[in-house]
Amino acid sequence: MLPKLFFGYFAFAIIVLSLLVITRRNPVHSVMWMLLLFFQIASMYLFLNAEFIAAIQVIVYAGAILVLFLFVVLLLNLREELLTNRFISAWPVGLVFAGAIFAGAVSAVAAFVPNFSGQYTVDVINRETHTKALGQALYTDFLFPFEIASLILLIAIIGAIVLAKKRMRS
Amino acid sequence: MNETIMRLLMIAVVLGGALFIASGLIWLERRLLGLWQDRYGPNRVGPFGTFQVVADMIKVFTKEDWVPPFADKAVFVLAPAVIVATILMPFAVIPFAPAMQVINLNVGLLFFLAMSALGVYSVTLAGWSSASKYSLLGGLRAAAQMLSYEVFMGLSLVGVVLLSGSFSLGRIVEAQQGLWFCIPQFFGLVVFVIAGVAETHRLPFDLPEAESELVAGFHSEYSGMKFGMFFVGEYLGVTLVSAMITTLFFGGWMGPLLPPVVWFLLKTFFFICFFILLRASLPRPRYDQLMALGWKVMLPLSLMNIVITGGILLARG
């Protein structure tokens, strides 16, 4: 009963906070609600015993990426922003897409196997700690996908530098 | 039941101790600065001026608590509370002595990094919500500075984690039996100390509140106890970083003869004095110099440290 209650709280809080993020007129307030939202998501990970992912969620998303959002938003002209509408006229199209993705996720629930399989049983994870088990899985079984993800990030970094670089006078 | 009471007691002791040390530092810093800069500092109220803290507290509490009419009120009030909360939280995972710790997290080190990463919101939002140009500039500087130096702070600790094989701070201290990490992780220590100064935006890296350029930077519009929160937050930050240096690089509670807690406090006190000495002796760099030092010196240094430490560990098997 208690786990269901906790899950219910987190699910409810995440939905309410997401709605607050997209409906606030003031972009800085949106960013602050999003910060709270990230905490709820991190708590959800903790609730699933994924302590490493929870810590990384706070460090990377709340501590770095959202600060960059805030950095950009701080430089906006607030007087203009507060007058413009938050939603563009095409918002029903977005709603349809969101509904389609949600339907896809719901239909995929049946295919999801909620048990541990392979060598990483609950016993092993408890003994080795979650962080170590995750590291071992990432750097042995899933090394190739992991390296591909890092390559994609590298390309994004180089792309950002190329875009931001001033043209040299020839 | 008994354990719950012990834990609550531990929380009270740690919170009270951290706040007591932080308020004591306000007096100590001014006296030490006076000593090193050839002047007196506060020496009138009580023996050696120790009651100066009480006088300052009375002043801060009774001052008019003013919110500027042009400010974003909710954010303006929230910002000073955030910095004190995010700096007090990591004290929960610091091991002061064997089994003398509020909670031993498996990811204690990551918890410290996460909480210190959140401190930037307080400063940035304080700067923005004040709706004044000097505050906003201070907030922007703080956002970029703290974000960059967080990266190096995290990277400088990878070597420590590699050597001890754990994120738990208790395990890290135990792994330093025999050899403190300040010797094999010397470059990690250097990067961590410099990043620690920048994270707590203390002089010489106090660009977000550089008074010769920005009045008082992000807290120009604050008065009364709200300013007091930023003030105490700064000293709490110094205490926290000193305690972390002790834990991660100087063997935590370890030492001969004296009880472990005393060793921990002595080492922490030494690093606090070192931070004050830095403030007394070093000039403030320009902002672009600060960022260049970060990305052109600290980042390569910490990456080199990781590669070399990892390589040696791999070669040893």
**Q** If you compare all heavy atoms of A/V58 against all heavy atoms of B/A114, which two are closest, and at what distance to 0.1 Å?
**A** CG1-CB, 3.7 Å

**Q** With sequence neighbours left out, which residue pairs that include part of residues 51-71 of chain A fulfil the side chain to side chain donor-acceptor pair (under 3.5 Å) condition?
**A** A/E51-B/N106

**Q** Is there side-chain contact between A/V67 and B/E150, with heavy atoms separated by less than 4.5 Å?
**A** no

**Q** Hey, what do you get for CZ (A/F38) to CG (B/L118), rounding to the nearest 0.5 Å?
**A**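 Separation between the atoms: 12.0 Å.
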
**Q** Where do A/L68 and B/L147 come nearest, in terms of heavy atoms and distance?
**A** CD2-CD2, 3.3 Å

**Q** Within a 6.0 Å radius of atom OH on A/Y45, are there more than 12 heavy atoms belonging to other residues, nucleotides or ligands?
**A**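 12 or below, so no.
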
**Q** Closest approach of A/A55 and B/L110, non-hydrogen atoms and distance?
**A** CB-CB, 3.7 Å

**Q** What are the two closest non-hydrogen atoms of B/A117 and A/G63, and how far apart are they?
**A**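 Minimum heavy-atom separation between B/A117 and A/G63: CB-CA, 3.9 Å.
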
**Q** B/V120 versus A/F71: any side-chain heavy-atom pair under 4.5 Å?
**A**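 No, every pair of side-chain atoms sits at 4.5 Å or beyond.
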
**Q** Non-hydrogen atoms of chain B under 4.5 Å away: do they reach the side chain of A/L35, the backbone, both or neither?
**A**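 Just its side chain gets close to chain B.
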
**Q** Shorter than 4.5 Å, heavy atoms on both sides: which option in B/L105, B/L78, B/L125 has the most such pairs with chain A?
**A** B/L125

**Q** Has B/Y121 got a side-chain atom pairing as donor or acceptor with A/A62's backbone, closer than 3.5 angstrom?
**A**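 Checked: pair present.
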
